[in-house]
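Some notes on the structure that comes next.
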Amino acid sequence: MGLKQGATRLRIGLTGGIGSGKSTIARCLQELGAAVIDTDAIARSLTAPQGAAMQTISAQFGAQAVAPDGALNRDWMRGQVFANPEIKQQLERILHPMIGAQTEALAAAATTANPHTTLVFDVPLLVESGRWRQRVDRVLVVDCEEETQIQRVMRRNGWPREAVLAVLSQQASRQARRACADGVIFNEQLELTALQAQVLSLFRRWT
Ligand SMILES: CC(C)(COP(=O)(O)OP(=O)(O)OC[C@H]1O[C@@H](n2cnc3c(N)ncnc32)[C@H](O)[C@@H]1O)[C@@H](O)C(=O)NCCC(=O)NCCS
Ligand SMILES: Nc1ncnc2c1ncn2[C@@H]1O[C@H](COP(=O)(O)OP(=O)(O)OP(=O)(O)O)[C@@H](O)[C@H]1O
């Protein structure tokens, strides 16, 4: 199952808590020539209208889990998932194997297109899931203060503070994440240009 077998290019796992700045750093890495595989984006495509996970989700959680257009009712699901670990696990049991398969397919396609390209896997749950560590060569953790995560997500998503706290309570601690890291970017009070410079320096060191 390993992505590592027979590979010649570097595989970086990019992770961090909600709102830490993963997508922002993934964009920097893409500009530097890496191929980015975003597991949040895969999860969203699986739960779009006609998405491959929607029949199973509808059967498991009922009509309330499905929006009028046939996509996942994300607001309803988020309320369930981050209030109830059992429901979170039920959703993950459906989605995670599909996300894993799709990730492998996209990694294979990126490698066919360019065998030497660096692959970046943007995986929010890299530390929590345990299976990911052995599938990448390096783990890059994006870290920042929890209060910064809260303020960013409240502003970006228009969520109340409690909604962000509910997600944070279901994620690994900053300390647990840093313990898995080969590199850490502290994305706190950093202008975009300073952030880009840090990403470039780390990318040069690793590739
Ligand atoms: C619960 C859902 C419907 C909420 O959707 P919503 O549009 O509000 O959020 P979005 O998908 O953009 O995720 C935002 C952030 O929430 C956090 N998050 C998402 N899923 C999880 C989870 N299972 N456990 C902990 N944190 C999570 C991550 O930090 C993620 O970056 C959605 O996140 C989902 O389907 N989650 C299950 C799939 C999953 O585990 N995805 C993580 C990628 S491996
Ligand atoms: N250094 C920074 N300075 C200012 N704003 C930032 C910085 N880094 C990230 N942001 C902003 O914070 C928000 C969260 O960043 P981003 O979307 O990259 O995080 P993420 O870790 O991918 O989040 P999620 O886990 O919710 O997908 C975005 O609106 C982004 O523009």
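Counting starts at 1 for both ligands and their atoms, in listed order. In what follows, residues are counted from 1 in the order of the sequence shown. Model, not experiment: these values are computed from the prediction.
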Take every heavy atom of L95, measure it against each atom of ligand 1, and state whether any distance is under 4.0 Å.
-> yes
Could a heavy atom of W76 be found less than 4.0 Å from some atom of ligand 1?
-> no
Are the side chain of R174 and the backbone of C144 linked by a donor-acceptor contact shorter than 3.5 Å?
-> yes
Hey, is E92 close enough to K88 for a salt bridge, meaning N to O under 4.0 Å?
-> yes
Does any N or O atom in V153 lie less than 3.5 angstrom from one in ligand 2, N or O only?
-> no
Heavy atom of T47 under 4.0 Å from ligand 1?
-> no
Going by atom types alone, do R135 and T103 pair a side-chain donor with an acceptor below 3.5 Å?
-> no
Let me know which of N157, N187, I18 forms a side-chain contact (heavy atoms from CB on, under 4.5 Å) with R152.
-> N187
Min heavy-atom dist R44 to ligand 1 below 4.0 Å = yes
Numbered atoms of ligand 1 (with element) below 4.0 Å of L125, judged on heavy atoms = 22 (C), 23 (N), 24 (N), 25 (C), 26 (N), 40 (O)
What do you reckon, does G16 put a non-hydrogen atom under 4.0 Å from ligand 2?
-> no
For Q170 and ligand 1, does the shortest N/O to N/O distance drop below 3.5 Å?
-> no
Closest to atom 12 (O) of ligand 2 among protein heavy atoms sits R152 CD, 3.1 Å
With the threshold set at 4.0 Å, does a side-chain nitrogen-carboxylate oxygen contact exist between D122 and K22?
-> no
What residue and heavy atom of the protein are closest to atom 1 (N) of ligand 2, and at what distance?
-> N187 OD1, 2.7 Å
Ligand 1 N/O within reach of E92 N/O, cut-off under 3.5 Å = yes
Interfacing atoms of ligand 1 (cut-off 4.0 Å, heavy-atom, K88) = 24 (N)
Is P124 in contact with ligand 2, taking contact as a heavy-atom separation below 4.0 Å?
-> no
Fit a plane to each ring of W76 and F61, take the angle between them on a 0 to 90° scale, and name the class: parallel (under 30°), tilted (30 to 60°) or perpendicular (over 60°).
-> perpendicular
Non-hydrogen atom of G17 closer than 4.0 Å to ligand 2 = yes
Looking only at heavy atoms, the pair that brings Q90 and Q60 closest together is OE1-NE2, 3.4 Å
For ligand 1, which atoms sit closer than 4.0 Å to a heavy atom of T39?
-> 43 (C), 44 (S)
Please identify which atoms of ligand 1 are closer than 4.0 Å to at least one heavy atom of H96.
-> 39 (C), 40 (O)
Atoms of ligand 2 under 4.0 Å from any heavy atom of D40, numbered from 1 in the order shown, are 27 (O)
Heavy atoms of the protein only: does one fall short of 4.0 Å from atom 4 (C) of ligand 2?
-> no
for atom 20 (P) of ligand 2, nearest protein heavy atom and its distance come out as K22 N, 3.4 Å
Atoms in ligand 2 flagged as close to T24, the criterion being non-hydrogen separation under 4.0 Å = 9 (C), 15 (O), 16 (P), 18 (O), 30 (C)
Identify the closest protein heavy atom to atom 17 (O) of ligand 2: which residue and atom is it, and at what distance?
-> R156 NH1, 2.8 Å
Residue, atom and distance of the protein heavy atom nearest atom 22 (O) of ligand 2 read S23 OG, 2.7 Å
At a 4.0 Å threshold, what atoms of ligand 2 neighbour a non-hydrogen atom of G21?
-> 15 (O), 16 (P), 18 (O), 19 (O), 20 (P), 21 (O)
Short N/O distance, under 3.5 Å, between Q171 and ligand 1?
-> yes
Given the rule in the side-chain hydrogen bond (donor to acceptor under 3.5 Å, both in side chains) test, do S20 and Q149 qualify, once you have shown the distances and angles that lead to the verdict?
-> CA-CA 6 Å; S20 55; Q149 293 177 260; 5.3 Å; no
Counting from 1, what ligand 2 atoms have a heavy atom of I18 closer than 4.0 Å?
-> 25 (O), 26 (O)
Please examine the side chains of R138 and R11, heavy atoms only from C-beta on, and report whether any two atoms are closer than 4.5 Å.
-> no
Note: L192, heavy atoms under 4.0 Å from ligand 2, region reported as neither
Close-contact set for ligand 1 against L72 heavy atoms, below 4.0 Å = 3 (C)
